[in-house]
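To start, the structure under review is shown below, and the notes come after it.
Quantities reported herein were computed from a predicted structural model and do not represent experimental measurements.
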Amino acid sequence: MKKLFVSVAAFAVLAACGDTAETPAPYEINETALASHIKTLASDEFGGRAPATKGEELTVAYLTKEFKEAGLSPANGGKYTQDVPLISVETLGAPILTISGENGTEAFAYRNDMVVWTRRAQTETSLADSELVFVGYGINAPERGWNDYEGIDVTDKTVVMMINDPGFATQNDALFNGNAMTYYGRWDYKFDEAARQGAAGAIMIHETKPAAYPWNTVDASWTGPQFDTIRPDGGASLSQAESWITTGAADRLFKLAGLDRAALQKAAETPGFKAVPMNLKAATSFESKVGNVNSQNIAGVVKGSKYPDEYFIYMAHWDHIGTDPSIEGDGIYNGALDNATGTGGLIELARAFASGEQPERSVMFIAVTAEEQGLLGSAYYAANPLVPLADTVGGINMDGLNNFGPTNDVTVTGYGNSELDNYLRQIAETQGRVLAPDAYPEKGGFYRSDHFELSKEGVPMLYPNSGNDHKEKGKEYVAEIRKEYLRVGYHKPGDEYSDDWDLSGAVEDLKLYELTGRLILNSRDWPKWSEGSEFKAKRDAQRKGK
């Protein structure tokens, strides 16, 4: 990358030169406007912004209005929206998971001991006398010489597996990525791999630290309508039933099998582990409410002055979990931090770009749907882009902005993955800040938000987050705020806007993101993935011949 000596002061000079009676001053991102967006999107009226609800209708209308008033052009022909066809499958009632063997039978209760669902487009699911097999971490990674399914056929059986990967369990940097979770540690990979192996059922053992969230997050996220992409086979290639079970339920399960769970989990951390038949059989049956729904991404653009066919993307997900009518009292998952903040920030960035100096390249602002259901809106965009991915220079994803004040640092989830870090660092230095890697790599954050879907398709994406070192109160203050949010807010009705939020740090971050984008938009650079990145080969092939 060429060293670009562009500073915040330089942008201020450019802005001042254009500030005439005929040309209004560029829009200044500010706390008051950002707070207004957050309060609106996270209000009870919006009902938690679940796809295919009244909350979606209100959100789409609000974002469309804001994009239009900001001065963005529609990104999809004459429309600000992109249809995202999804299937909704909701487990009805309170099904029981029954496990039986020579030592007796255990019945696991819905939501207390386990949650169960299907991604198949079917109204009735029945799993009967399905043999259980413990497959360790449920990973098949040939390039790492690791296959938990080697030597065993799990066709029509039910696999039992652990969350995360052996690197986290052992803290051995030579095993997977050590403490930092890989994609093999993610629940979506594991369920998909079980299906590829022919399993009829899949059971994931929940543990808070390796999962990175407590059981009530699982309970909130895997009950109610579950959305998925519409598959040509109706999901027939997927397992019939998928499930999480609590740690306590797992203890009962292994005791029933006469197996030492701790010893088996320890054995599963070593290369060459062999799957263990549990001599148990699983059974469950339940009805599902199935329907096709049409959700929407919302996108607008500011066209470039010199290279309008080249794009930089700002992205945030507008959706959250919705409302749980079974909860007495407040059952609205308002999703204020996650992700009304990022969505509000997207609007503020759109205003700044639409009113400021026209960039040489085009810039797109896209609010995607169904992130909470498995990054479905961004995955659909990546498969059906409104502009060619080969002509998309890169992008920044925002998922939860700073609500506690300015920091000395900028956390980058996926730090070192691409040359985009260099641009972010250059602007951060003008703010007197430094870049820092993700402080919690064991949570697998790089694989848990929408930038990942574009990254998989080759587009270099930045995922910066709030820093960890408050400018006045230090690191412990921030750590305590994050701990409290995980306890009372994350994927809970407690994620609500509060008037005591300090959004000055969010505004500083948004200005950082704006100027970082401008560096790239006003250059001829094409930032690359770092050597060794799993996304580099795809990008190189994309750009070949361009």
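- Looking only at atom types and distance, the side chain of Asp450 has no donor-acceptor partner in the side chain of Asn397 under 3.5 Å away.
- In this structure, the separation between OH on Tyr497 and CG on Leu503 is 5.5 Å, given to the nearest 0.5 Å.
- Looking at Asn468 and Arg482, their side chains do bring a donor and an acceptor atom within 3.5 Å of each other.
- Using a 4.0 Å cut-off between a side-chain N of Lys or Arg and a carboxylate O of Asp or Glu, Arg524 and Glu310 qualify as a salt bridge.
- Using a 4.0 Å cut-off between charged side-chain N and carboxylate O, Glu193 and Arg196 make a salt bridge.
- Under a cutoff of 6.0 Å and an axis angle of 45°, Arg448 and Tyr463 do not form a cation-pi pair.
- In this model, a donor atom of one side chain and an acceptor atom of the other lie less than 3.5 Å apart for Asp495 and Tyr485.
- Looking only at side-chain heavy atoms (C-beta outward), Asp399 and Asp338 come within less than 4.5 Å of each other.
- Between Lys456 and Lys538, the shortest heavy-atom distance links the atoms O-CD, 3.4 Å.
- With a 4.5 Å cut-off on side-chain heavy atoms, Phe67 and Ile347 count as touching.
- Remark: Gln82 CD to Ile298 CD1 distance equals 10.0 Å, nearest 0.5 Å.
- Results of the salt bridge (charged side-chain N to carboxylate O under 4.0 Å, His left out) test with Asp192 over Arg119, Arg231, Arg186 single out Arg119 as the only residue that passes.
- A salt bridge is absent between Arg425 and Glu429: the closest approach of a Lys/Arg side-chain nitrogen to an acidic carboxylate oxygen does not fall below 4.0 angstrom.
- With 3.5 Å as the limit, one finds no donor-acceptor pair spanning the side chains of Asn334 and His320.
- When side chains are defined from C-beta on, Lys492 counts as touching Thr217, because their heavy atoms get closer than 4.5 Å.
- Between Trp222 and Trp187, the ring-plane angle classifies as perpendicular under the 30° and 60° cut-offs.
- Note: Trp244 and Phe191 have perpendicular aromatic rings, judged against thresholds of 30 and 60 degrees for the angle between ring planes.
- Counting heavy atoms from C-beta on, the side chains of Ile29 and Leu34 never come closer than 4.5 Å.
- The CD atom of Glu419 lies 14.0 Å from the CG atom of Leu424; values are rounded to the nearest 0.5 Å.
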| field | Working for salt bridge (Lys or Arg N to Asp or Glu O under 4.0 Å), residues Glu348 and Arg351 | value | CA-CA 5 Å; Glu348 287 296 283; Arg351 287 179 171 181; 3.3 Å; yes

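- For the 3.5 Å distance criterion, the side chains of His491 and Asn216 fail to qualify, holding no donor opposite an acceptor.
- Two rings, from Tyr189 and Tyr447, have their centers 6.0 Å or more apart.
- In this structure, Arg543 is not positioned above the aromatic face of Trp529 in the sense of NZ or CZ being under 6.0 Å from the six-membered ring centre and within 45° of the axis.
- Note that Arg518 lies in the cation-pi zone of Phe353, set by a 6.0 Å cut-off to the ring centre and a 45° limit from the axis.
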